[in-house]
Amino acid sequence: EQPNPLRIVEVGGVKNHPKGPTSGDTENALDAIQMQSIAPKAKISMIIGPNSDRGFVDVFERGIFPKNGEGQNSVISASWGLAEHKQTPQVVNTLSMAFRQATIRGVQILAGSGDNGARSRSNTFQPEFPASDHNVTGVGGLKMILDEKGKLSTAIAWNEGEASSTGGGVSKIFKLPSWQRDFNVPMNKDTGLPGRGVPDISTNAARATGFPVRVDGADIVIGGTSAGAPLYGGMLLNFNAELASRGLNPITPLNPWMYARAKTNIFNDVTTGHNHGYESGKGWDAVTGLGWVDGRAMLDAMIANQSTRF
């Protein structure tokens, strides 16, 4: 099935000029292909902006707050993030307020947890923002292997070396949320203090089991948590369309809803592997979160959740 055409939205004076498979086109193509392949009937926009603090803020705000005549987006997927200490307080505060507004508007936001282990290209242990924000669902990485019949045979934490492994850890800027208090979130390894645990969920990200993408005419295979966030984003677009057909709304905020159902068949725990800082284990962990999502079970739970309210 051919997907709906991708709409390009340019902010901050940036123009969509393809530059080749070694440029930012790779990330853009990956995001678009992941979401469109999962949700071909959805109306999807690619919002591009300057690689700067202002551009970072403008891109998210453009996605959350529609202009006159535009419909409200229901899902935002972000593959753009940095270690917490590299973000300015102004950016974090501005976007955190926007993310809170997003939940009120019925917008679900997902972000990759990063591809450089528990230290995210630094000398200290910290997750990446925006995945560490309370109102963003952080998506970690797995290595998922299928058997000869196409069924999942193995799922372990993605770790192909520290510079190619799933991000995750304990925030230094966001407090431990109430919905994570019963999940044995460890203390931050540097500060010894509690904080928001990342990621929340995970999916395939290993480059060895990556996703084929055509970028500016070149066929390449891409991995990373940048692939997982738009994959789940496409899944949620489909769920929201099904909910809307039943007169139901998207589930927001999404994270508390998920953690309240952590022990159901929605989540498949991953207990093997590490991210050069934290170990995978039974239940939530700072490597793979709650595990990978069973989409059918999640949609059924979303329908049942709202259908029994009245």
Side-chain angles (χ1 to χ4, degrees), residues 30-31 34-39 42 74-79 103 107-114 131 134-146 150-158 166-168 179-180 183 197-206 209-211 223-243 248 250-273 275 280-306:
L30 176 65
D31 289 354
Q34 292 292 82
M35 292 192 80
Q36 287 186 307
S37 63
I38 299 296
S74 70
V75 177
I76 294 175
S77 171
S79 299
T103 65
V107 182
Q108 299 154 332
I109 302 177
L110 303 100
S113 67
H134 287 192
N135 291 302
V136 175
T137 298
V139 180
L142 305 176
K143 182 178 182 181
M144 305 178 80
I145 301 174
L146 305 181
K151 294 184 177 181
L152 183 66
S153 64
T154 306
I156 61 175
W158 168 43
T166 183
W179 35 267
Q180 279 191 326
F183 289 86
V198 182
D200 301 298
I201 53 178
S202 51
T203 190
N204 189 58
T209 55
F211 302 91
T225 60
S226 299
L231 187 152
Y232 279 136
M235 181 186 75
L236 288 171
L237 283 173
N238 287 334
F239 292 177
N240 293 341
E242 177 63 24
L243 291 171
L248 304 174
I251 299 288
T252 57
L254 183 60
N255 287 345
W257 185 91
M258 291 197 303
Y259 280 84
R261 292 157 181 79
K263 296 182 179 180
T264 69
N265 64 340
I266 295 173
F267 302 101
N268 296 271
D269 198 10
V270 178
T271 60
T272 304
N275 64 354
S280 296
K282 187 175 181 180
W284 181 91
D285 56 68
V287 185
T288 64
L290 297 171
W292 58 273
V293 173
D294 182 315
R296 181 73 255 179
M298 177 173 274
L299 177 57
D300 288 345
M302 287 179 166
I303 293 171
N305 173 76
Q306 298 193 76

Between [atom1] on residue [X] and [atom2] on residue [Y], distance to nearest 0.5 Å:
{"X": "M235", "Y": "I38", "atom1": "CE", "atom2": "CD1", "answer": "9.0 Å"}
{"X": "L231", "Y": "D31", "atom1": "CG", "atom2": "CG", "answer": "11.0 Å"}
{"X": "T288", "Y": "D269", "atom1": "OG1", "atom2": "CG", "answer": "6.5 Å"}
{"X": "Q180", "Y": "W284", "atom1": "CD", "atom2": "CH2", "answer": "5.5 Å"}
{"X": "I251", "Y": "S74", "atom1": "CD1", "atom2": "OG", "answer": "12.0 Å"}

Test item: [X] and [Y] side chains (from C-beta on) under 4.5 Å apart, heavy atoms:
{"X": "N305", "Y": "R261", "answer": "yes"}
{"X": "M35", "Y": "L237", "answer": "yes"}
{"X": "L236", "Y": "M302", "answer": "yes"}
{"X": "D294", "Y": "N265", "answer": "no"}
{"X": "T203", "Y": "M144", "answer": "yes"}
{"X": "V75", "Y": "Y232", "answer": "no"}
{"X": "I76", "Y": "L110", "answer": "no"}
{"X": "W158", "Y": "T225", "answer": "yes"}

Item to check | Side-chain donor-acceptor pair present, T137, D200, cut-off under 3.5 Å | outcome: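 Distance-only check fails for T137 and D200.
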Checklist entry - Quick one: do the Q108 and N240 side chains pair a donor with an acceptor below 3.5 Å? => result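 Indeed, the side chains of Q108 and N240 share at least one donor-acceptor pair under 3.5 Å.
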Item to check | Audit row: F239, I303, side chain to side chain contact (heavy atoms under 4.5 Å, CB included) steps and yes/no | outcome: CA-CA 9 Å; F239 292 177; I303 293 171; over 6 Å; no
Item to check | Audit row: L30, S79, side chain to side chain contact (heavy atoms under 4.5 Å, CB included) steps and yes/no | outcome: CA-CA 10 Å; L30 176 65; S79 299; 5.9 Å; no
Just by distance, do the side chain of [X] and the backbone of [Y] share a donor-acceptor pair under 3.5 Å?
{"X": "T252", "Y": "T103", "value": "yes"}
{"X": "D285", "Y": "G281", "value": "yes"}
{"X": "N255", "Y": "V136", "value": "yes"}

Item to check | Single hit among L142, V139, N268 for side-chain contact (heavy atoms from CB on, under 4.5 Å) with S202 | outcome: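 Testing each of L142, V139, N268 against S202, the sole residue satisfying side-chain contact (heavy atoms from CB on, under 4.5 Å) is L142.
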Checklist entry - Does the separation of the ring centres of W179 and Y259 fall below 6.0 angstrom? => result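 When the ring centroids of W179 and Y259 are compared, they turn out to be within the sub-6.0 Å range.
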Next on the checklist: As a quick check of understanding, evaluate side chain to side chain contact (heavy atoms under 4.5 Å, CB included) for W292 and L152, giving each step before the final call.
Outcome noted: CA-CA 11 Å; W292 58 273; L152 183 66; 3.4 Å; yes
Item to check | Smallest separation among heavy atoms of A229 and G112, with atom names | outcome: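 For A229 versus G112, the nearest heavy atoms are CB-N, 3.7 Å.
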Checklist entry - Taking it one step at a time, do D300 and R296 satisfy side chain to side chain contact (heavy atoms under 4.5 Å, CB included)? => result CA-CA 6 Å; D300 288 345; R296 181 73 255 179; 2.8 Å; yes
